[in-house]
Amino acid sequence: MRTATLGPAQRAGALAAMAEHELDLLVVGGGVVGAGTALDAVTRGLSTGLVEARDWASGTSSRSSKLIHGGLRYLEMLDFALVREALKERGLLLERLAPHLVKPVPFLYPLQHQGWERWYAGSGVALYDAMSMARGHGRGLPVHRHLTRGHALRVAPCLRKDALVGALQYYDAQMDDARYVATLVRTAAAYGTQVANRARVTGFLREGERVVGARVQDVEAGGEYEIHAKQIVNATGVWTDDTQAMVGERGQFHVRASKGIHLVVPKDRIHSSTGLILRTEKSVLFVIPWGRHWIVGTTDTDWDLDKAHPAASSADIDYLLEHVNSVLAVPLTRDDVEGVYAGLRPLLAGESEATSKLSREHIVAHPVPGLVVVAGGKYTTYRVMAKDAVDEAVHALDRRVAECVTEDIPLVGAEGYRALWNARARIAARAGLHVVRVEHLLNRYGSMTEELLELIASDPSLAEPLQGADDYLRAEIVYAASHEGARHLDDVLTRRTRISIETFDRGTRCAREAAELMAPVLGWDADHVEREVKHYEKRVEAERESQRQPDDLTADAARLGAPDIVPL
């Protein structure tokens, strides 16, 4: 299929187009649920717009554990419906919708008690596999297996011998969450959605009690647009209550923020061929393979401070290190931590008994005519949330609208991916790249890799790795600005790539080179490049300072020392 290019010209054109004609549906919020809602709507034949106040996936959807999973622990809570739904979605993503982005990942669960625990945990994992297979979407993953202590230690030599009596190994899946959202947005745009990031909703348009549109501020170029739509979907995650406040209506539920932090450490600090899942007194702790790194997380604490930049405190970091070190033969220290990131889960908190226990379930409501709200849920089930939101919105349209078809709509880059993967050695020889580089590109861009190879063909210097972040090619930085909607250096180093958490310097060494690569695409002069670099350096220092603070209040104050960049 034709892929959409999300460059500066396309963004300006999208804002103008949305203001010119009334839309069937305007989606507010560019995380995974908002992007999924836009794709669902446009593939039903609805004229659709999508606006995001900051960057695509700049909130929760870039700061997750990066897992696509059924939620094994929800089985223990007997929430079979949620697990069944999530396992179906996991299978669809692995096999049909995004095989270039979603990959299997093994996990080892150490057993600490003889007899009963193996039976108890083994029964749960067996049911997990069986539920996956029963829906016909589990064949892409190996089934679980039981391991003796000796076998487990050969698979994961990092574990202390006294930390386990045996183990279970099972499979789930993972993805780069921010890259997934960027691809989802491009897919929606390829089918006709008008999309614009850095476009903030400042208020809603009303006709009597009905919401008929939104006032949208262009944060980049200035100016305000009035965008009219028959229906609006509020998919703003932890900002749901703030967005709802613009219409002055009190909802039946609220969204509260729960903070989760993750640490990133180099691959050689934990000697294992598998990920780990550990029980804690509150939840579970994951050690997740991540390229040349491990992701360790997560925490679960209430957060009522700045939503845009949740901060990880020193206490958060100590908590994760203490718990993971309880099973590691060679403990991790602060010096092993390359990156730290904090995200907020949007959890539903009701005002009545009916909604007070919703937690990770999602809910769709129609609080006023013309405005639908979708909130809660989990990343894996974004497509179901999007379907439910559009189903609710179309009830109010005065015409028949097609049923959801996104179960059969692969994301851009998926079509032809497996054939290109099989031909990767030939592609590498043609492009003059090592086959490992082509594999890296295919697993980030799928069949869109050809667009990056065209950039390299026109400028061979783009085939060189970025200095200080050599997992990434220079072409990827240019492509992020020209094709993927990146507007600032922070967008590229934090979300289009993950350099900000994958290097000990947090991306400061390559910041200037990256900004200079973006400059011709975005029309930056030398002064603008300098501002972008300085802002990014201040952001990194503010994050480092917050991570030295003892608690949430002081960490939040330190992180706010680097405000968002505002174009001049």
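Looking only at distances, a side-chain donor or acceptor of T193 sits under 3.5 Å from a matching main-chain atom of A188. Listed for the E52 side chain is a donor-acceptor partner under 3.5 Å among the backbone atoms of G30. Side-chain atoms of S313 never come within 3.5 Å of backbone atoms of D552 as a donor-acceptor pair (strictly under, hydrogens ignored). A donor-acceptor pair is defined here as one N or O able to donate and one able to accept, closer than 3.5 Å; no such pair exists between the side chain of Y319 and the backbone of T298.
Put simply, the residue from R496, R444, R179 that forms a salt bridge (charged side-chain N to carboxylate O under 4.0 Å, His left out) with E476 is R444. Partner L344 forms a side chain to side chain contact (heavy atoms under 4.5 Å, CB included) with one of R63, R256, K259 and no other, that one being K259.
Every residue two or more places apart in sequence or in another chain that forms a side chain to side chain donor-acceptor pair (under 3.5 Å) with K387 is listed here: D391. D318 pairs by the salt bridge (Lys or Arg N to Asp or Glu O under 4.0 Å) definition with R334, not counting sequence neighbours. Residues that satisfy the salt bridge (Lys or Arg N to Asp or Glu O under 4.0 Å) test with E226, not counting sequence neighbours, are absent from this structure.
Between Y382 and Y379, the two ring planes are perpendicular [angle over 60°; tilted spans 30° to 60°].
Taking both residues in full, the closest heavy atoms of R96 and E407 are given as NH1-O, 2.9 Å, listed atom of the first, atom of the second, then distance. The shortest heavy-atom contact between T60 and P346 is CG2-CD, 4.1 Å. Pairing each heavy atom of R498 with each of Y472, the nearest pair is N-OH, 3.3 Å. Taking every heavy atom of both residues into account, G71 and Y128 meet most closely at N-OH, 3.5 Å. Across all their heavy atoms, A393 and L25 have their closest contact at CB-CD1, 3.7 Å. Here the shortest heavy-atom pairing between L493 and G507 reads CD1-O, 3.8 Å.
The side-chain heavy atoms of K88 and L92, taken from C-beta on, include a pair separated by under 4.5 Å. In this structure, F204 and V212 have side chains that are not in contact, with every pair of non-hydrogen atoms separated by 4.5 Å or more. Taking 4.5 Å as the limit, some side-chain heavy atom of T406 sits within range of a side-chain heavy atom of L39. For the pair W239/K307, a side-chain contact is recorded, criterion being any heavy-atom separation below 4.5 Å from C-beta on. V373 is listed as a side-chain neighbour of T240, based on a closest heavy-atom distance under 4.5 Å. Using a 4.5 Å heavy-atom threshold, the side chains of D172 and L67 count as separate. Considering only heavy atoms from C-beta on, M18 comes within 4.5 Å of L23 through its side chain. Using a 4.5 Å heavy-atom cutoff, the side chains of V372 and N234 are not in contact.
Note that OG1 of T183 is 11.0 Å distant from CE of M175, once rounded to the nearest 0.5 Å. Atom CG of L348 is separated from atom NE2 of H254 by 11.0 Å, given to the nearest 0.5 angstrom. For the atom pair CD1 of I317 and CG of L332, the computed distance is 12.5 Å after rounding to the nearest 0.5 Å. Remark: D556 CG to L305 CG distance equals 4.5 Å, nearest 0.5 Å. With rounding to the nearest 0.5 Å, the separation of OG1 in T187 from CG in L411 is 3.5 Å. Note that CG of D408 and CG of L97 are 8.0 Å apart. Values are rounded to the nearest 0.5 Å.
The pair D564-R539 does not meet the salt-bridge criterion, since no charged nitrogen lies less than 4.0 angstrom from a carboxylate oxygen. Taking 4.0 Å as the cut-off between side-chain N and carboxylate O, R559 and E545 do not count as a salt-bridged pair. Electrostatic pairing of D491 and R495 counts as a salt bridge here, judged by a charged N lying under 4.0 Å from a carboxylate O. Remark: K66 does not engage D176 in a salt bridge, criterion side-chain N to carboxylate O under 4.0 Å. Looking at R11 and D218, a side-chain N of the basic residue comes within less than 4.0 Å of a carboxylate O on the acidic one, giving a salt bridge. Ion pairing between R487 and E532 fails under the 4.0 Å rule for side-chain N and carboxylate O.
Environment of CD in E224: crowded, with over 12 heavy atoms of neighbouring residues, nucleotides or ligands closer than 6.0 Å.
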*Going through the checks in order, is the side chain to side chain donor-acceptor pair (under 3.5 Å) test met by T381 and H362?*
CA-CA 9 Å; T381 56; H362 72 271; 5.1 Å; no

*What do the steps show when you test E403 against R44 for salt bridge (charged side-chain N to carboxylate O under 4.0 Å, His left out), and what is the final call?*
CA-CA 7 Å; E403 295 294 317; R44 297 194 199 199; 5.3 Å; no

*Show the numbers, then the answer: is there a side chain to side chain contact (heavy atoms under 4.5 Å, CB included) between V233 and V28?*
CA-CA 6 Å; V233 174; V28 182; over 6 Å; no

*After noting the C-alpha distance and the side-chain angles of Y74 and F80, does the key distance pass the ring pair (Phe, Tyr, Trp, His ring centres under 6.0 Å) rule?*
CA-CA 7 Å; Y74 295 114; F80 299 115; over 10 Å; no

_Steps toward salt bridge (charged side-chain N to carboxylate O under 4.0 Å, His left out) verdict (R345, D300)_ = CA-CA 9 Å; R345 302 176 191 87; D300 187 0; 3.5 Å; yes

*asked:* Between I288 and S65, is the side chain to side chain contact (heavy atoms under 4.5 Å, CB included) condition met? List the steps.
replied: CA-CA 8 Å; I288 306 163; S65 296; 4.1 Å; yes

*Does the side chain to side chain donor-acceptor pair (under 3.5 Å) test come out yes or no for W290 and Q174, once each step is laid out?*
CA-CA 9 Å; W290 182 253; Q174 72 174 162; over 6 Å; no

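Side-chain atoms of S500 and R506 include no donor-acceptor pair closer than 3.5 Å. For the residue pair D40 and T37, no side-chain donor N or O sits within less than 3.5 Å of a side-chain acceptor on the partner. When only modelled atom types and interatomic distance are considered, E484 and W56 share no side-chain donor-acceptor pair under 3.5 Å. Using a 3.5 Å distance cut-off with no hydrogens or angles, the side chains of S132 and D129 do not pair a donor with an acceptor. For the 3.5 Å distance criterion, the side chains of Q547 and E543 fail to qualify, holding no donor opposite an acceptor. For H69 and T380, the side-chain atoms include no donor-acceptor pair closer than 3.5 Å. For the residue pair H395 / Q231, no side-chain donor-acceptor distance below 3.5 Å is found, with atom types taken as modelled. A donor-acceptor contact under 3.5 angstrom links the side chains of T243 and T236, judged on distance only. Under 3.5 Å, the side chains of H483 and Q10 contain no donor-acceptor pair of N or O atoms. For the 3.5 Å distance criterion, the side chains of N443 and H100 fail to qualify, holding no donor opposite an acceptor. At a cut-off of 3.5 Å, with distance as the only test, no side-chain donor of S61 or D177 sits close to an acceptor on the other residue. Side-chain atoms of S47 and D24 include a donor-acceptor pair closer than 3.5 Å.
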